[in-house]
Every structure is written in structure tokens, then in C-alpha cells.
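Accompanying notes for the structure given below.
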Amino acid sequence: MFSSLPKRLLLLLLSPALVVTQSSSLTGRWFATADFYGTTLNFSLELSQIENTLTGTFDGDKLEGTLTGNAVHFLAKDERGGTEELTGTVQAGFISGTIIFTDADDKEHPTTHRFMATPVTARRTGSPQRHEFTPSAFYRQFSAANKPVLTVFPGDTIHTTTVDAGGTDEKGVTRVLGGNPQTGPFFIETAGPGIRWWCI
């Protein structure tokens with residue numbers, strides 16, 4: 001049924017993902033993670049794309065790279081001579097692949113890790129919102145593995161409760177083992193390293 005269609009039009013019809021990838025820009029802020037031996041580490045990534053050329057920063061280190069089709073490659077360098085080299089692909093709005101970390105003090109032993117980056121959501125327009133949050137679980141340790149229980153934007157207010165040091169809630173019901181368990185964590189869209197947030 002497609003035999004009468006021009007080859008170029010046929011390619012566009014059969015490859016919508018390719019069309020989106022080629023027309024989308026990677027310019028912007030990204031939330032990046034890398035798996036270090038089973039532990040997820042977080043990194044900031046900022047990209048600026050002009051045609052096929054990429055510039056920006058990876059965790060504060062200046063980077064240069066290229067976007068060829070949906071293939072991404074960049075090299076970031078720190079002030080001491082260490083590097084982070086990413087080789088990956090863009091698919092469905094995400095960047096994934098591998099990243100090679102080379103320590104300036106141990107250049108003979110670079111380490112390779114799985115990598116994923118997602119675009120940071122643009123800041124919501126309109127008035128700040130108030131969130132009423134009723135916790136159902138409490139964490140007894142600070143860890144990047146604790147999944148956020150609520151996503152908010154700068155300026156928003158969260159009204160919630162927690163338990164006391166013994167794990168007892170405001171009604172006197174023991175909800176969790178003691179040891180200063182905490183409510184949360186809360187994910188703040190557009191937040192970055194060095195930004196202060198206040199809890200009252």
C-alpha cells in the first residue's frame with residue numbers, strides 16, 4: 001500500500017521517533033544519575049545545543065560534545081585534570097548510556113558506569129500551591145534511595161506531620177520503629193546544588 005509514496009515521505013511516516021529526536025534540542029537543565037556499584041549518585045547537567053555542537057557543564061565541569069542523529073557524546077574536564085566522558089543515545093526524551101570517570105590522581109584506572117539523564121521540568125507558572133500531605137511511611141536514614149513522596153515547586157507550602165523520636169504519631173499511635181524517623185523526602189522541581197530551602 002506504500003509503494004506509490006515518495007521514499008522521503010515513507011521514511012517520515014515510519015520513523016516518527018527519529019523525526020522527534022532530530023527536531024528536539026537538548027538545550028536546558030537535566031537531572032543525571034549514574035550507578036556506582038549498586039549506589040545511585042546524582043549529578044547536575046546543563047546543555048546548550050547549536051546545530052550538532054554541545055557545550056555546557058556536568059556537575060560544574062565544563063563540557064564539549066556532539067549530537068549526531070540520536071547519538072550523544074561529550075567530554076567534561078575538571079580543574080585538576082580529571083574527566084567525565086559520556087557516550088549515549090537520546091530516546092523518548094531521555095539520555096542514557098555509559099559514562100567513564102577518570103580521576104586526576106588515578107588516570108590509569110578509569111571507571112565505567114551506567115548513566116541516565118532526564119530533563120528538569122520547567123518551573124510552573126501561576127501562584128504557589130499549598131499541599132496537604134498525610135504520610136504513610138517514614139524513613140529512619142538519609143539516602144538517595146528513598147523515593148520522593150511528593151513533588152512540589154519553589155514557593156509551594158507543604159502542611160504535614162511526622163512522628164516523634166520513638167515512632168509515635170500525633171494521636172499516640174506507634175507507626176514505626178524509633179530512632180528519629182522522618183517524613184518525606186519531597187522532590188522540589190528546578191532545585192539545584194547550593195539552593196537553600198526552609199522548613200518551619
Side-chain angles (χ1 to χ4, degrees), residues 17 20 24 26-47 56-61 76 78 84 86 88-101 103 111-200:
V20 170
S24 299
L26 300 185
T27 297
R29 297 177 60 210
W30 296 74
F31 178 72
T33 60
D35 184 309
F36 276 68
Y37 315 108
T39 298
T40 300
L41 298 185
N42 303 317
F43 302 91
S44 61
L45 173 64
E46 296 197 22
L47 293 175
T57 60
F58 177 81
D59 207 35
D61 298 337
D78 66 30
E84 302 94 19
L86 170 82
T89 57
V90 181
Q91 188 171 17
F94 301 92
I95 302 173
S96 62
T98 57
I99 188 162
I100 301 173
F101 289 84
D103 191 315
T111 60
T112 302
H113 307 274
R114 295 296 303 165
F115 174 90
M116 171 73 76
T118 59
V120 173
T121 304
R123 185 166 181 166
R124 185 187 61 223
T125 59
S127 301
Q129 296 182 1
R130 176 184 170 93
H131 304 268
E132 293 288 340
F133 179 77
T134 303
S136 59
F138 305 90
Y139 291 105
R140 299 176 62 247
Q141 73 284 328
F142 291 103
S143 172
N146 298 343
K147 294 183 179 180
V149 296
L150 180 67
T151 297
V152 299
F153 282 81
D156 286 359
T157 302
I158 304 168
H159 181 253
T160 188
T161 60
T162 191
V163 293
D164 63 19
T168 303
D169 68 15
E170 73 278 13
K171 297 178 181 178
V173 177
T174 300
R175 302 277 302 279
V176 65
L177 187 65
N180 296 302
Q182 303 291 313
T183 297
F186 303 109
F187 185 86
I188 304 173
E189 291 282 10
T190 75
I195 299 176
R196 293 184 177 181
W197 303 99
W198 299 97
C199 180
I200 298 174

Problem set entry | Separation between CG of L45 and OG1 of T118, rounded to the nearest 0.5 Å | 10.0 Å
Exercise. Okay, side chain of D156, backbone of Q129: is any donor-acceptor separation there less than 3.5 Å?
Worked result: yes
Exercise. Would a 4.5 Å heavy-atom cut-off, applied to side chains only, mark T89 and S96 as touching?
Worked result: yes
Problem set entry | CA sep, side-chain torsions, deciding dist, call: F187, L150, side chain to side chain contact (heavy atoms under 4.5 Å, CB included) | CA-CA 6 Å; F187 185 86; L150 180 67; over 6 Å; no
For this session: Heavy atoms only: give me the nearest L26-L47 pair and the separation to one decimal.
Result: O-CB, 3.5 Å
For this session: Kindly give the heavy-atom pair with the smallest separation between E189 and P154, and that separation in Å.
Result: O-CD, 3.3 Å
Problem set entry | S143 (side chain) donor-acceptor with A145 (main chain) under 3.5 angstrom | yes
Problem set entry | Flag side-chain contact, heavy atom, 4.5 Å: F153 against I188 | no
Seminar exercise, completed: For P185 and K147 the tightest heavy-atom approach is CD-O, 3.6 Å
For this session: State whether the side chain of T183 and the backbone N or O of T161 hold a donor-acceptor pair below 3.5 Å, judged by distance alone.
Result: yes
Problem set entry | Electrostatic pair R175:D169 at N-O distance under 4.0 angstrom | yes
Exercise. Do V163 and T168 have side chains that get closer than 4.5 Å, going by heavy atoms?
Worked result: no
Problem set entry | Gap between atom OG1 of T157 and atom CD of E132 - 0.5 Å precision | 10.0 Å
Problem set entry | Shortest non-hydrogen contact between P181 and T162, atoms and distance | O-OG1, 3.8 Å
For this session: Measure the spacing between NE2 of H131 and OG1 of T160 and express it to the nearest 0.5 Å.
Result: 12.0 Å
Exercise. Is any side-chain heavy atom of E84 closer than 4.5 Å to a side-chain heavy atom of I100?
Worked result: no
For this session: Find the distance between CG (L86) and OG1 (T98) and round it off to the nearest 0.5 Å.
Result: 7.0 Å
Exercise. Backbone N or O of N180 within a donor-acceptor pair of the Q182 side chain at under 3.5 Å?
Worked result: yes
Seminar exercise, completed: Rounded to the nearest 0.5 angstrom, the CZ-CG distance for F31 and N42 is 4.0 Å
For this session: Decide if the gap between the ring center of F101 and the ring center of H113 is smaller than 6.0 angstrom.
Result: yes
Problem set entry | CE on M116 to CD1 on I99, rounded to 0.5 Å | 13.0 Å
Exercise. Would F115 and F43 satisfy ring pair (Phe, Tyr, Trp, His ring centres under 6.0 Å), going step by step from the backbone distance to the final call?
Worked result: CA-CA 10 Å; F115 174 90; F43 302 91; 7.8 Å; no
Seminar exercise, completed: Tightest non-hydrogen contact, residues A76 and F58, listed as CB-CB, 4.0 Å
Seminar exercise, completed: Note: G60 and S44 closest approach over all heavy atoms is N-OG, 4.3 Å
